[in-house]
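Structure, as structure tokens:
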Amino acid sequence: MVKRFRRGAETVSALAGVDLRVDPGEFVALVGPSGSGKSTLLALLCGWETADEGELAYLGPLADRRPDAFGWRDLALVPQALGLVADLSLADNVLLPARLSGTLAAEEPRARSLLTAFGVDHLADRYPHQASLGEQQRVAVARALLLRPAVLLADEPTAHQDRGHADRLLDAVTDAAREGSAVLIATHDEIAWGRADRVLSMRDGVVTEGAAS
Ligand SMILES: Nc1ncnc2c1ncn2[C@@H]1O[C@H](COP(=O)(O)OP(=O)(O)OP(=O)(O)O)[C@@H](O)[C@H]1O
């Protein structure tokens, strides 16, 4: 896939010909310097942006559908900016995918257990602005995991965490892959690279297999 952005007279080639495949059950870490195109790739994969050239195809039960029409059960994203809803409590943010899919009561126990696993259960009734950035990030990951999405995308999901909380998030992400999700996370966290099934390196809008030396 190729993606260019216009910046005044300048054209930025954010993705210069990216070719990748992620299978169900696989945990793939995407590493690369700032500005190399990681967020742009995730934006294409979730349907926020469209490629200028090339093709994005989801297979299996997601085949022949556009990602911008996917529900939270199909694809969940943890964006770099987290995207929590400011006027919902942290618990209600986690439960939002269930509320939108009409399965609120059924998912309440899982929401509670994710909040507990991520050490934010005692903050369940607070609003995002009343929580630290790291706590908000853990809530955003819990929301993404809630409905066990077929595709899980996350942009630097451990960026605001200490090692202990980062490891708990990585445990949950690894579990998601073991339960069948196709997982792709952009990360600078070297521990995450070690836990992934595969590492892809991104530089100047190009992806190569393996960690860059
Ligand atoms: N909307 C946009 N308009 C113009 N240029 C953009 C836009 N979005 C991204 N870019 C440029 O595309 C390139 C790739 O950006 P991207 O955000 O994908 O990088 P990244 O690898 O995710 O960086 P970081 O690790 O800092 O989040 C950068 O040169 C960036 O400045």
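Both counts, for ligands and for their atoms, begin at 1 and track the order of listing.
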Starting from [atom], which protein heavy atom do you reach first, and at what distance in Å?
atom                    : result
atom 17 (O) of ligand 1 : Ser39 CB, 3.6 Å
atom 7 (C) of ligand 1  : Phe5 CD1, 3.4 Å
atom 12 (O) of ligand 1 : Ala14 CB, 3.4 Å
atom 16 (P) of ligand 1 : Thr40 OG1, 3.6 Å
atom 25 (O) of ligand 1 : Lys38 NZ, 2.8 Å
atom 26 (O) of ligand 1 : Ser34 OG, 2.6 Å
atom 11 (C) of ligand 1 : Val12 CG1, 3.9 Å

Touching ligand 1 at all, Gly205? Heavy atoms, strictly under 4.0 Å? no

Check whether any side-chain heavy atom of Arg168 sits under 4.5 Å from a side-chain heavy atom of Leu170, and report yes or no.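 Sidechains of Leu170 and Arg168: no contact.
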
Report yes if some heavy atom in the side chain of Pro67 is under 4.5 Å from a heavy atom in the side chain of Leu56; otherwise report no. yes

Counting distance only, does the side-chain N/O of [X] pair as donor-acceptor with the main-chain N or O of [Y] below 3.5 Å?
X      : Y      : answer
Ser132 : Glu135 : yes
Asn93  : Leu88  : yes
Asp162 : His165 : yes

Which one of Thr40, Leu41, Leu44 satisfies the side chain to side chain contact (heavy atoms under 4.5 Å, CB included) criterion with Val18?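 By the side chain to side chain contact (heavy atoms under 4.5 Å, CB included) criterion, Val18 pairs with just one of Thr40, Leu41, Leu44: Leu41.
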
Considering both backbone and side-chain atoms of [X], is one of its nitrogen or oxygen atoms within less than 3.5 Å of a nitrogen or oxygen in ligand 1?
X     : result
Gly37 : yes
Arg7  : yes
Gly35 : yes

Taking only heavy atoms of Gln80, which atoms of ligand 1 are found under 4.0 Å from at least one of them? 27 (O)

Check whether the side chains of Ser39 and Asp155 place a donor and an acceptor atom closer than 3.5 Å, and report yes or no.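 Yes - a donor-acceptor pair under 3.5 Å links their side chains.
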
Tell me whether Leu115 is reachable from Val78 by hopping between hydrophobic residues (I, L, V, M, F, W, Y) whose side-chain heavy atoms are closer than 4.5 Å. yes

Under 4.0 Å from ligand 1, counting heavy atoms only, is it the side chain of His188, its backbone, both or neither?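 Side chain only; the backbone of His188 stays clear of ligand 1.
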
For ligand 1, indicate whether the residue Pro33 contacts it via side chain, backbone, both or neither (heavy-atom separation under 4.0 Å). backbone

Between Asp189 and Arg195, does any side-chain N to carboxylate O distance fall below 4.0 Å?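 The answer is no: the pair does not qualify as a salt bridge.
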
